[in-house]
Every structure is written in structure tokens, then in C-alpha cells.
Amino acid sequence: MARRPNLRMLSSFFAALCLASTGWAKEGPRVGLALSGSPARGFAHIGVLKVLEEVGMPVDVVTGTSMGSVIGGLYACGYSATELESLAVNQDWLQIITQDVRRRTMSMEQKRFDERYLATMGLEGFKIRLPSGLRSGQSLVSLFTRLTAPYHDIEDFQKLPIPFACVAADLVTGDAVVLDRGYLPEAIRASMAIPSLFTPVKSNGHLLTDGGVVRNLPAVDARNLGADVVIGVDVGSPPHAEKDLNTLFNILSQAALLHVRSVTREQRAQCDVVITPDLSGLSVTDFDKASEFITQGERAAREMWPTLKALADSLHQLSDAPKKVLRPASDHFDIQHMSIEGLNDVSSRLVETEMGIKYPGRVPLDDIEKGVERVFGSGYFERVTYRIGDQSRDRTLRVMVIEKNEDLFRIGLRYDSRTEASLLLNATFRNVAEHGSTLAIDLRLAEDLQFETRYFVHTGLFRSLGLLTRVNSARATFDVFADDERVARYRSRYSFADARLGTIFSTTLSIAAGIRAEYIDSEPVIGGPGFPQRVDKQIPFFGNVLIDTYDETIYPSRGFFVELSGEISTSKFGDVPSFSRYYVDGRAVLPLAGRLSLLFKLYYGASGGDIPQSYEFFVGGVHTPWTYLGRENTFVGLKPQERVGPNVQALSLGIQYELFSNIFAQLRWSAGNTFVERDIRLTESRYLSGGGLTLGTRILRGRIEYTVMTSELHGILSHLTIGSAF
């Protein structure tokens with residue numbers, strides 16, 4: 001759908017011709033491009049740009065709102081329509097918009113607890129406060145920062161290859177704020193700070209949010225930048241027809257946008273040409289359909305080919321052909337200094353060590369980005385950005401941070417066939433006793449109660465090096481089986497305190513060592529005289545190596561998880577005989593084709609000496625989170641903890657297929673057993689086997705999962721899990 005040129009355009013041409021005939025306007029009239037906002041619908045702008053380039057339309061000024069500011073800002077930097085199309089199609093926009101931090105950039109400590117909490121809120125004293133936005137926009141800013149790296153030193157956006165401005169809204173006054181100066185990535189981020197999804201941006205005394213709520217089509221801003229002729233591209237959602245105003249949602253959305261559409265009509269009148277792509281059937285959230293949006297934008301512009309071609313040809317008669325915009329190379333930058341801005345509580349050593357760049361000298365942009373990811377992955381910052389200084393003058397890398405200062409209240413909920421309902425309450429406090437520290441307190445309310453505090457701090461001495469201390473008190477239940485029948489049940493009260501030093505802030509590899517003091521009181525609640533009460537006190541030393549490259553915590557599609565852990569305790573400390581225990585847990589998810597992945601898991605554990613019962617290995621169940629009373633290993637076809645012993649060998653193979661978006665099916669086979677003696681003879685009689693089918697989906701930061709399984713010991717077993725893993 002397109003609109004014919006109006007009288008304003010004819011008068012613009014007449015004025016331009018008059019000026020040209022007098023020799024005063026040698027450059028001819030200036031063309032402005034005004035790109036409207038609307039999340040995924042904004043991809044249609046790229047299709048329009050492709051046609052404008054084909055007709056040879058000179059673009060002298062670009063303005064944008066929201067998604068229009070993203071496309072317009074990059075076009076103003078010199079990106080061609082073809083480059084923008086490749087960027088739009090190949091980026092995972094849904095992940096960028098909905099995730100502040102990709103899992104691979106999380107610290108190892110964060111990864112362990114990524115699935116525990118379904119909801120997070122602010123905590124002020126004893127009051128719970130809802131967040132100002134669901135996302136900080138870190139991933140978006142990181143993308144914009146990289147794409148605009150050659151122009152970080154430009155304060156005045158009119159000095160970009162094509163003069164540019166974008167529009168945001170002042171949340172306090174309700175006024176439109178034109179952003180034509182400052183730091184380009186931050187300006188674009190402010191213009192598309194969608195209310196409730198992204199946190200607002202503080203800038204020059206304003207609290208800014210998405211400009212679409214005040215001026216979705218910035219035509220007047222193109223005029224104010226000097227445009228004589230304005231081409232507007234309106235991708236905003238059209239109003240509902242009267243016949244569709246019969247549901248609560250449609251009525252509310254129509255009422256909420258009445259003012260926006262009124263302003264848009266005024267802005268359309270400011271345009272000489274308006275292009276309105278037909279985007280019916282496509283949603284503002286269809287970020288995976290960038291190609292379809294681009295096609296529709298191109299189709300709408302081609303419908304106006306005669307008008308656009310005539311305009312372009314007329315402009316070429318009045319001025320020289322436009323020069324092709326060339327972006328400078330942006331792979332390496334000369335960095336002589338590094339400054340850190342925004343620190344109050346966190347040590348500068350943390351940022352410096354995690355950045356890990358070598359300067360002065362030429363620094364790859366990839367190294368700068370990886371350093372920023374490590375700083376953000378430490379968990380101490382709400383947002384981390386960088387700005388590269390003028391390459392001919394100061395050559396300073398400015399790292400700009402916004403610290404996480406607020407305390408948090410978090411909730412985890414879980415139901416499964418084994419433990420039934422559980423509730424997890426968490427309070428997280430920052431900068432307690434030491435700047436840049438975190439204190440987390442967990443209380444698990446279930447049949448098996450647990451209380452734990454974790455205190456960790458980045459030392460700032462070496463990259464990722466941190467100190468973690470924990471105090472835990474838990475009550476847990478485990479069963480004793482004989483001839484596949486439960487013969488006893490123990491209720492244990494387990495308390496410990498430990499401290500470990502290692503690379504706990506690393507994103508893929510953690511190496512740590514420490515010492516733990518334990519008290520375990522195990523009392524039989526079911527069982528005869530052969531199952532006495534046992535009290536163990538020990539002080540084991542432990543070491544741990546952990547590698548985690550999974551792309552997702554729940555249903556990863558690729559990556560590895562490898563854990564090597566060992567403990568040793570001597571009778572010189574505590575009242576139990578000396579013992580040792582170690583295990584290797586190796587897992588892999590290997591993409592095969594499309595949505596199909598191969599699942600692999602190998603688990604081997606062994607012990608020596610008189611190992612306490614609580615340190616034995618448990619095998620059984622399909623979804624067993626970490627337990628401090630030994631190490632539980634999944635085994636489809638067995639009941640939870642159905643096999644227990646001081647040594648374990650287990651193998652699991654399977655396939656995972658994403659049936660529909662976020663709906664997964666897993667087919668798995670397990671083989672293995674626990675053993676009294678350490679023996680690796682691979683004879684069939686020593687091992688059990690089982691298989692099962694799982695259907696599941698991610699919900700918030702948890703899952704809904706149902707498994708049907710069988711083994712040589714059981715006919716049909718089933719297991720249901722809903723919610724978090726804790």
C-alpha cells in the first residue's frame with residue numbers, strides 16, 4: 001500500500017528548481033528518510049531501502065524511532081541494504097531481545113543456579129519491588145556497540161556518513177526527546193526501550209523509553225535536520241476495524257494507541273511520499289520472519305517505483321550523483337589507555353582482570369567484546385558497554401558499567417513425582433562486608449528441608465579468580481534396596497561449612513580446591529537392627545574441574561559438560577577412617593541435522609577406604625538435581641536411588657528432537673550399575689539397562705517434563721516434573 005506524492009512534494013520541487021536556477025542551491029534539495037517504529041515489523045524498512053538504492057535515490061538525512069532507529073542508525077553509518085538484510089536474517093533476534101546474557105557468557109557459579117529461580121524481584125529493606133523492565137538490554141547494546149565501532153568517537157550524529165537522529169520518550173514529562181548527539185549505541189537503545197520489556201535509559205537528565213509512544217514516525221525531525229523532501233516508511237500496526245473490536249484485548253490495544261495513531265497521521269502529513277507495507281498476517285513479535293518482512297517492504301516500494309524513480313532522476317538533474325558511503329575497517333583498534341566509568345562498590349581490579357586485553361597496541365575488536373562479556377558474566381553489573389576513542393587522538397578504551405546495587409528476592413517452585421511440591425525462597429544481598437561481594441541465602445521448604453548461605457567475592461588478582469564460602473544445613477531421605485526391594489529408609493541431617501578458591505567466575509572452565517567440615521547424622525526410619533544409626537564427622541579436602549559449554553541450561557542443542565571431582569579425608573581430622581572418592585561426569589549434546597541432536601553421558605565413580613554411607617553413589621531416576629548427600633546419577637528405567645554403592649559405572653545414549661518451537665522429545669537408553677568393588681570388567685551380567693521417552697517444554701526458567709520408561713527390573717514407570725530444579 002502506497003501513497004501518491006502530495007502538494008508538499010510539488011512545492012518542494014518548485015522551490016528547489018527556483019533556487020537551482022539562481023545558482024544558490026548547487027547541491028539541490030536534500031532528501032530525508034523517516035523510519036517508523038514497531039519491533040519485528042521494522043525489518044520491512046530494509047526492503048524499502050533496497051528499492052531506494054536501485055532507483056538511485058540520494059538519502060541526505062535519516063531519522064528513526066524504535067526499530068526504525070536501529071535500521072536508520074546503521075544505514076547512516078554506511079551499511080548497505082544488502083548488508084542490513086544479511087544482518088537481519090542471520091541474527092537470532094529473539095534471543096538478543098529476550099536474554100540479557102547468553103549462557104556461554106555466564107560465570108560458572110551462575111550456570112549452576114540458572115534453573116533454580118522462576119521469578120526475581122527487587123528487595124528494599126523488607127519490601128519487594130517489581131523491576132523497571134524485564135531485561136536490561138545488554139545483548140542489544142552489545143550488538144549495536146560492535147556494529148557502530150568505527151563511529152564511537154562521533155558525538156554529533158550529523159557528522160555520521162549520513163546525518164541521523166532518533167526519537168525517544170521522556171517518561172517523566174511525556175515529551176518527545178530528539179537524540180542527535182551523544183553515544184550512538186546508547187541513543188538507539190533508548191529509542192527502542194520498549195516499556196516493561198527493557199529498563200529505561202537515563203541520559204542527560206531524562207529517563208527515556210521507546211519513542212513510539214510519543215512520535216512513531218519522525219517526519220518532522222527529518223525536516224528539522226534540513227530535509228526538503230521527506231520519504232516516510234510507516235510500519236506501525238494499523239487500527240482494528242469495527243468488526244474486530246469485540247474482545248477485551250483488541251479494545252484495550254485500540255484505546256492505548258489512539259494518541260499514537262493521531263500523532264502518526266500528523267507526521268504522515270509532513271511527508272512528501274509515504275510507503276506503507278502490507279504486513280497483515282505478521283506479528284510485531286515475529287523476529288524469526290525477517291525475510292518475509294523485508295519482502296513486503298520491497299513489494300510496497302516497488303509499487304511506487306514510477307514515483308520514486310521520477311523523484312530520483314529529478315534530483316540527479318539538480319545535483320551531482322551521491323557518493324557511495326564507505327565504512328572504515330573495524331577489526332582492530334589502536335588502544336593506548338583504558339578507563340573504567342561507573343564504579344562505586346565493585347573493585348576496578350575485577351574489571352581490569354576480566355577485560356584481559358593487552359595494551360598499548362593494536363587490539364582486536366573480538367578481544368574487547370570477549371572482555372566485556374566476561375565482566376558482565378561476573379554477575380556484578382546490570383549493563384557493561386565500551387566506547388573506543390578517536391584513533392587519531394586519545395585512543396582510549398572507555399569501559400562503562402552500571403552496577404547491580406539492589407538486593408534481590410527470588411522464588412523457585414517445583415513439583416515432581418518423587419518429592420511432590422517444593423518451594424525455594426532466596427534473598428541475595430550485594431556488597432556485604434566487602435565491595436563487589438554477593439551473599440545469597442536459600443531456604444527450601446519441602447519434605448526435605450534445606451538452608452544454605454553462599455558468600456562469594458572476586459579477588460581481582462587474576463582473571464575469574466574468586467573465593468566462595470558456604471554454610472549448609474539440610475534434611476534428606478535416601479533408600480536402601482536389596483533384591484530390587486526397598487529394605488530401609490534413612491533420614492539424614494547434614495550440615496557443612498566449606499571454602500573454595502578457584503576460577504569460579506570463568507565462563508567455560510572452572511578449577512577450584514578447598515576444604516569442608518561436615519557433620520552427618522543418619523537415622524533409619526524404616527528398617528530393622530541391621531540398619532543402625534550412624535554419625536559421621538569429617539574434614540575432607542576436595543578439588544574440582546568443571547567444563548560447561550552448553551548453549552542452554554534446559555534442553556541444550558549443543559555443547560559439552562565435563563566434571564572431574566575428588567575428595568580425600570584422613571582420620572587425623574574427624575572421627576571416621578580415612579577414605580577417598582572421585583568421579584568423572586562427561587556429557588555432550590551434538591547437533592546432527594536441523595533440530596535433531598545426539599545425547600551422550602558417561603559417568604564413572606570410585607572410592608577407597610571406609611567411605612561413609614552418605615558418600616556412596618546413587619543411581620536411578622530421570623531428573624536428579626545435585627545433592628550434598630552423595631552424587632545422584634540419572635538412569636531411565638530405575639526408581640530414584642534404586643542402586644547405591646561405593647563405585648559406579650553408567651552410560652546413557654539418546655536423541656533429542658525439537659518437535660515444535662520449544663517442544664522437545666528425548667529418546668534415551670541407559671546402562672550401568674553400582675558396585676562394592678572397583679572393577680571395570682565389561683560383562684553383560686554386571687549391568688542393568690533401561691530406556692524411556694520424554695516430552696518436555698521450557699517455562700520461564702524451568703520446565704514441564706513427562707517421562708515414560710521401562711527396564712529389566714520394572715514394567716512401566718513414569719515421572720512428572722514441573723518448575724525449577726533445586
Side-chain angles (χ1 to χ4, degrees), residues 32-46 48-49 59 61-79 81 84 87-88 91 93 96-97 137 139-148 151-152 154-158 160-171 175-195 197-201 203-204 206 208-225 227 230-236 260 263-264 267 284 287 290 293 297 385:
L33 187 62
L35 306 180
S36 75
S38 190
R41 297 167 68 95
F43 290 131
H45 293 313
I46 299 173
V48 174
L49 291 173
V59 177
V61 168
V62 179
T63 57
T65 296
S66 195
M67 195 61 170
S69 73
V70 177
I71 306 301
L74 296 178
Y75 196 69
C77 287
Y79 285 86
L84 291 174
L87 175 68
Q91 289 289 333
W93 288 95
I96 289 173
I97 288 174
S139 296
L140 271 178
V141 173
S142 296
L143 177 64
F144 301 155
T145 302
R146 179 183 181 89
L147 296 175
T148 61
Y151 302 106
H152 284 186
I154 292 181
E155 286 277 346
D156 185 352
F157 299 164
Q158 294 200 44
L160 291 170
I162 301 175
F164 171 73
C166 57
V167 177
D170 189 317
L171 265 177
D175 296 332
V177 177
V178 179
L179 303 173
D180 56 5
R181 300 183 62 84
Y183 182 42
L184 183 59
E186 195 74 14
I188 295 174
R189 159 71 173 85
S191 180
M192 67 168 304
I194 302 171
L197 177 58
F198 294 124
T199 55
V201 175
S203 177
N204 296 325
H206 299 284
L208 301 176
T209 191
D210 193 301
V213 301
V214 288
R215 189 152 65 237
N216 201 43
L217 181 63
V220 67
D221 307 291
R223 295 273 179 202
N224 292 337
L225 280 182
V230 175
I231 300 173
V233 185
D234 186 2
V235 298
V260 173
V263 174
T264 297
Q267 293 301 306
V284 296
F287 290 97
F293 285 110
T385 56

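- The side chain to side chain contact (heavy atoms under 4.5 Å, CB included) search around Leu171 returns Pro200, Leu207, Thr209, not counting sequence neighbours.
- Partners of Gln158 by side chain to side chain contact (heavy atoms under 4.5 Å, CB included), not counting sequence neighbours, listed by chain and number: Asp156, Pro163, Leu225.
- Among residues two or more places apart in sequence or in another chain, the salt bridge (Lys or Arg N to Asp or Glu O under 4.0 Å) test is passed with Asp234 by Arg268.
- Checking side-chain atoms of Tyr79 against main-chain N and O of Leu147 turns up a donor-acceptor pair under 3.5 Å.
- Contacts of Ser66 classified as side chain to side chain donor-acceptor pair (under 3.5 Å), with partners at least two apart in sequence or in another chain: Asp210.
- Nearest heavy-atom pair, Ala187 versus Phe157, reported as atom, atom and distance to 0.1 Å: CB-CE1, 3.8 Å.
- Partners of Ser142 under the side chain to side chain donor-acceptor pair (under 3.5 Å) rule, at least two apart in sequence or in another chain, are Gln138.
- When all heavy atoms are compared, the tightest approach of Phe287 to Pro39 is CZ-CB, 3.7 Å.
- The ring pair (Phe, Tyr, Trp, His ring centres under 6.0 Å) check on Tyr183 picks up His152, with sequence neighbours excluded.
- Counting only distance, with no hydrogens or angles, the side chain of His45 and the backbone of Ser36 share a donor-acceptor pair below 3.5 Å.
- Atom CG in Leu179 sits 6.0 Å away from atom CG in Leu208 (nearest 0.5 Å).
- Considering CD of Gln91 and CD1 of Ile96, their distance stands at 4.0 Å, rounded to 0.5 Å.
- Applying the salt bridge (Lys or Arg N to Asp or Glu O under 4.0 Å) criterion to Arg215, with sequence neighbours excluded, gives Asp221.
- To the nearest 0.5 Å, atom CD1 of residue Ile154 and atom CG of residue Leu160 are 5.0 Å apart.
- Note: Thr63 OG1 to Asn224 CG = 9.5 Å, rounded to the nearest 0.5 Å.
- No donor-acceptor pair closer than 3.5 Å links the side chain of Tyr151 to the backbone N or O of Leu184.
- No side-chain heavy atom of Leu217 sits less than 4.5 Å from a side-chain heavy atom of Thr65.
- In this view, Ala88 and Phe43, Ile46, Trp93, Ala290, Ile294 satisfy the side chain to side chain contact (heavy atoms under 4.5 Å, CB included) rule, not counting sequence neighbours.
- Arg41 places a side-chain N or O within 3.5 Å of a backbone atom of Val235 that can act as its donor or acceptor partner.
- Side-chain contact between Thr385 and Pro185 is absent, with no heavy-atom pair separated by less than 4.5 Å.
- Between Ile162 and Leu33, the closest side-chain pair of non-hydrogen atoms is not below 4.5 Å.
- For Arg181, there are no side chain to side chain donor-acceptor pair (under 3.5 Å) partners at least two apart in sequence or on another chain.
- Leu140 contributes atom CG, which lies 4.5 Å from atom CZ of Phe144 (distance to the nearest 0.5 angstrom).
- Contact annotation: the side chain of Val201 never approaches that of Met192 to less than 4.5 Å [non-hydrogen atoms, C-beta and beyond].
- With hydrogens and angles ignored, the 3.5 Å screen pairs a side-chain donor or acceptor of Ser191 with a backbone N or O of Val167.
- Separating the CG atom in Leu35 from the CG atom in Asn216 is a distance of 11.0 Å, to the nearest 0.5 Å.
- In this structure Asp170 satisfies the side chain to side chain contact (heavy atoms under 4.5 Å, CB included) test together with Val172, Thr173, Val177, His206, sequence neighbours excluded.
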